Amino acid sequence: MAILPDHSSTQITQREMTQNQPIPCPECDRIKYFEGLCYACNNRKLREHYELMTKDQIEETIKNIIDKIETIDQWEDVYKDFSGLLAYQDIDTKEISKSAFEKNVFYPPTLYRNASEETQDKLIELILKPDCKEANHILSCLAVIGSEKVREVFYELENNPLPWRKKLHVNPSFYASLGGWTFDESGKRTELNYKECFSIANEEREDNAIIIGEAKSENCSVCSCQTVNILTLNGNDKRLSFLGLNGTLKIPICPNCASMCEKTIIRYQLDGESSFEIIEPFADENYILEDDFKKLTTNNLKLSQSKKPPYFSCGNDDVSTIGGNPEWVQDWQYESCPDCQKKMKLLSAISWDQVLEGSEGILYIEICTDCSVVATFHQQT
Ligand SMILES: [Zn+2]
Ligand SMILES: [Zn+2]
Ligand SMILES: [Zn+2]
């Protein structure tokens, strides 16, 4: 049984809420209105708890997850342990998925990522029933498995839908993208996530693989806010070679409009030249204060020195990532490239709180390397 760090410190009591006194976090000095650690420090501690687990502790925790799998929907210890181990220890979920299937547990779908062929086939058997009751969940689990056999079944179901399809809003090819892949009309498969994943964190060291929040001299044509290259990638850095970018990719946005528009479309060249276009802005008022802009453009955010597990961003800690499987705040979303119409690939997810303290949500960055186009969009709860 895992011993979790004390969460009681983050519970805001009625008394503390009405008290309304600013209390700095004892670890990072961030101002908040409750006793104890701030959410960011608390989440970091929880991540470290899982990262530091020994092999025996991991095995014991997995055993506990298997024994109590039917309680995972209560969002308590079993759920926390599962997402913590998936995100930070990259655990194999074969045995967990077996137990989950036996107890009719189909959420979260990542339970099934390493499902055996036997478990996969049982899921397929369920989805091939014309009156499948939980088609939504079963499709999600199969999408996460994402094998060639799943692709064949999805392609067949897309072309010859069963009665349960009427109750769903989207096609199997859309469910597939929850698993980080999809297929076109001819059934041809495309990957939507990179398998490699690196994290971005504040660190005191020299490293020029990425730059987060580099001030630009131009101001936004919609709201007049000064613009930034939210992300600059040095494609020649060894760690980023999986991206296949032979040069420097700069991703300019308006930091104010980025979360107040449908999306931003960026066209880039690998010599660092880029231009952007804000699609359907909701407002034209600039809410970014001078101080915030300064913090955004003078950070110590660095690319992690080593690879992280592919589900790193699905842990509790609100950190930014390059590559890997995203944690979606809302429904999963892969933009179509405005030039070739193909689905774009998830390049990065930037946690706003990490770059603009106190801001909520995530900026997702997707790329079509065929057309040298990037799309960014914002999600928040
Ligand atoms: Zn803190
Ligand atoms: Zn703007
Ligand atoms: Zn394209």
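Since this is a predicted model, take the numbers as computed values, not measurements. Just follow the structure's listing: the first ligand is 1, and inside any ligand the first atom is 1. Sequence positions, counted from 1, serve as the residue numbers for this chain.
- Two rings, from Tyr88 and Phe312, have their centers less than 6.0 Å apart.
- Between the side chains of Tyr39 and Asp353, no donor N or O sits under 3.5 Å from an acceptor N or O.
- In this structure, Phe377 and Trp328 have parallel ring planes: the angle between them is below the 30° cut-off, well short of the 60° mark.
- Cys368 contributes SG and Cys371 contributes SG; the angle these two atoms make at the Zn ion (ligand 3) is 110°, rounded to 10°.
- Atoms SG of Cys38 and SG of Cys25, as seen from the Zn ion (ligand 1), are separated by an angle of 110°, to the nearest 10°.
- When SG of Cys340 and SG of Cys337 are joined through the Zn ion (ligand 3), the resulting angle is 110° to the nearest 10°.
- Between SG of Cys257 and SG of Cys223, the angle at the Zn ion (ligand 2) works out to 110°, rounded to 10 degrees.
- With respect to Asn114, the side-chain contact (heavy atoms from CB on, under 4.5 Å) criterion is satisfied by exactly one of Val144, Ile96, Thr93: Thr93.
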